[in-house]
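Given the structure is predicted, the values throughout are model-derived calculations rather than measurements. Values below: every heavy atom of this structure, side chains too, minus hydrogens, waters and symmetry copies.
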Amino acid sequence: MIRPERISPARYAAVMGLLFAAAAALNMLESIFSAFLPAGIRVGLSNIVIMTAILCINLPSAALLVLLKAAMVLMTRGFTAGVMSLCGSLAAFGITALLFRRSGCSYILISVLGAIAHSAGQLCAASLLLGTVYVFAYAPVLIIASVVTGICTGIVLKTVFPLLETRF
């Protein structure tokens, strides 16, 4: 586990830069997949990086990655996408951080619950942006998609994390 206070600022900056680059690349990659999925559904690959940061570094560093990822979405896809990304990612981050730190839940369950929280955060943002509660009618579709994508990202994290853990 990397403790920012125990490593050089240069190494910490390098690790954070690599994690942000990985999150950005995965976010762009999942944009390709989202073209084949129903509206509003994304795979959530970049959340693997956030979960890795929670597990390997610390919560403030993971939160910084969430903010940087949302800023990147804002700059590349516009205001609405940026707000949706920020709200969804903050909700997912909160649930994921709480569960990783306070429970013995599996990576897959935490990933599924994080994906559901992400969808809930995005629905709240959409409701505020559009000024209507009717967006919540889409919740069942997003919950089903969140379970499927959460299982997928949880399996990837479970597979990849032991390899990453030895590098950190």
Side-chain angles (χ1 to χ4, degrees), residues 16 19-55 57-103 105-158 160:
M16 288 297 288
L19 288 174
F20 175 63
L26 289 170
N27 191 280
M28 295 306 232
L29 178 65
E30 72 185 21
S31 293
I32 296 167
F33 296 129
S34 67
F36 303 104
L37 298 173
I41 296 174
R42 294 182 62 92
V43 181
L45 295 174
S46 59
N47 293 327
I48 296 166
V49 176
I50 304 302
M51 290 187 286
T52 300
I54 291 170
L55 291 168
I57 305 177
N58 61 19
L59 294 180
S61 297
L64 176 61
L65 288 171
V66 167
L67 296 175
L68 290 171
K69 186 178 78 141
M72 184 209 58
V73 170
L74 174 72
M75 291 186 294
T76 59
R77 295 200 315 252
F79 177 77
T80 302
V83 169
M84 299 286 282
S85 175
L86 179 65
C87 292
S89 294
L90 286 175
F93 171 76
I95 292 296
T96 303
L98 180 69
L99 291 173
F100 272 136
R101 298 293 183 189
R102 305 274 187 230
S103 75
C105 295
S106 71
Y107 292 162
I108 295 171
L109 179 60
I110 292 172
S111 183
V112 167
L113 295 174
I116 292 170
H118 194 282
S119 294
Q122 287 189 322
L123 285 173
C124 291
S127 178
L128 290 172
L129 289 170
L130 297 172
T132 181
V133 295
Y134 293 117
V135 297
F136 291 101
Y138 201 47
V141 173
L142 290 179
I143 289 171
I144 292 167
S146 295
V147 170
V148 172
T149 60
I151 289 170
C152 293
T153 57
I155 289 170
V156 171
L157 180 66
K158 184 178 178 180
V160 171

Contact check, side chains of [X] and [Y], non-hydrogen atoms, under 4.5 Å:
| X | Y | value |
| --- | --- | --- |
| L86 | L67 | yes |
| L37 | V43 | yes |
| R101 | L59 | yes |
| V160 | I48 | no |

Over 12 non-hydrogen atoms of neighbours within 6.0 angstrom of CZ in F136: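 More than 12 within 6.0 Å, yes.
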Taking all non-hydrogen atoms of both residues into account, name the closest pair between [X] and [Y] and its distance.
| X | Y | value |
| --- | --- | --- |
| M72 | F20 | CB-CZ, 4.1 Å |
| A117 | A91 | O-CB, 3.3 Å |
| G44 | E30 | N-OE1, 2.9 Å |
| I108 | G154 | CG1-C, 3.7 Å |
| V147 | V112 | O-CG2, 3.7 Å |
| A92 | G114 | CB-O, 3.3 Å |

Look only at the side chain of [X] and the backbone of [Y], and say whether a donor-acceptor pair between them is shorter than 3.5 Å.
| X | Y | value |
| --- | --- | --- |
| T153 | G150 | yes |
| S85 | A81 | no |
| S127 | T132 | yes |

Ring pair (Phe, Tyr, Trp, His ring centres under 6.0 Å) partners for F100, two or more places apart: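 Per chain and number, F100 pairs via ring pair (Phe, Tyr, Trp, His ring centres under 6.0 Å) with Y107.
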Report the C-alpha separation of I110 and I95 in whole Å, then their side-chain angles, then the decisive distance to 0.1 Å, and conclude whether the side chain to side chain contact (heavy atoms under 4.5 Å, CB included) test is met. CA-CA 8 Å; I110 292 172; I95 292 296; over 6 Å; no
In Å, rounded to the nearest 0.5 Å, how long is the span from [atom1] of [X] to [atom2] of [Y]?
| X | Y | atom1 | atom2 | result |
| --- | --- | --- | --- | --- |
| L26 | S31 | CG | OG | 11.0 Å |
| H118 | C87 | NE2 | SG | 9.5 Å |
| L123 | L128 | CG | CG | 11.0 Å |
| R42 | M84 | CZ | CE | 11.0 Å |
| L68 | M16 | CG | CE | 6.5 Å |
| L65 | I50 | CG | CD1 | 5.0 Å |

Go through the steps to decide whether T76 and M28 satisfy the test side chain to side chain contact (heavy atoms under 4.5 Å, CB included), and finish with yes or no. CA-CA 10 Å; T76 59; M28 295 306 232; 4.3 Å; yes
V141 and I41: side chain to side chain contact (heavy atoms under 4.5 Å, CB included), yes or no, with the steps? CA-CA 9 Å; V141 173; I41 296 174; 4.0 Å; yes
Between F93 and I54, does the side chain to side chain contact (heavy atoms under 4.5 Å, CB included) criterion hold? Intermediate values first, please. CA-CA 9 Å; F93 171 76; I54 291 170; 3.9 Å; yes
